[in-house]
Amino acid sequence: MGIISWIVLGLLAGAIAKFLLPGRDPGGLVGTTLIGIAGSFIGGWLSAKFLHRPIAHNFFDVATWIAAIAGALVLLILYRLLFGNSRD
C-alpha cells in the first residue's frame, strides 16, 4: 500500500477507534485524526516486525485493519492518560 492508502486507512482507523472509545479528547477532531494516522503506521509496523505478518499490498486485508485500529486505540488511550481531559 502507498502512503495515501495508509493515510486513508489511518483516518478510518481513527474514526473506528473513536467510536469504540467514546468521550471527549483533549485534541478534538484534529488530534483524533492524527492519532488514527499514527496508530495505523505503528500498528502496521508492529505487526510486520513482531508478528511476522507482512504489510499487505491489498487495502482490504483484515489483519492490516485490525493492526491499524489496535494501534489507534492504544495511542488514543495513551493520549488520554498523558494529557487528560483538557476540554472541561
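A chain of hydrophobic side-chain contacts below 4.5 Å, direct or via other Ile, Leu, Val, Met, Phe, Trp or Tyr residues, connects Tyr79 to Ile16. Linking Ile, Leu, Val, Met, Phe, Trp and Tyr whenever their side-chain heavy atoms come within less than 4.5 Å leaves Leu34 and Val74 in two separate clusters. Leu12 and Ile4 fall within the same hydrophobic cluster, where Ile, Leu, Val, Met, Phe, Trp and Tyr residues are linked whenever their side-chain heavy atoms come under 4.5 Å apart, directly or through other members.
Applying the side-chain contact (heavy atoms from CB on, under 4.5 Å) test to Ile77 and every residue at least two apart in sequence or in another chain returns Leu21, Leu81. Under the rule for a side-chain contact (heavy atoms from CB on, under 4.5 Å), the partners of Ala17 that lie at least two apart in sequence or sit in another chain are Ala72, Leu73.
Between Leu76 and Ile35, the shortest heavy-atom contact is N-CG2, 3.7 Å.
Proximity of Ile69 to Leu20: side-chain heavy atoms (C-beta onward) are separated by under 4.5 Å at one or more points.
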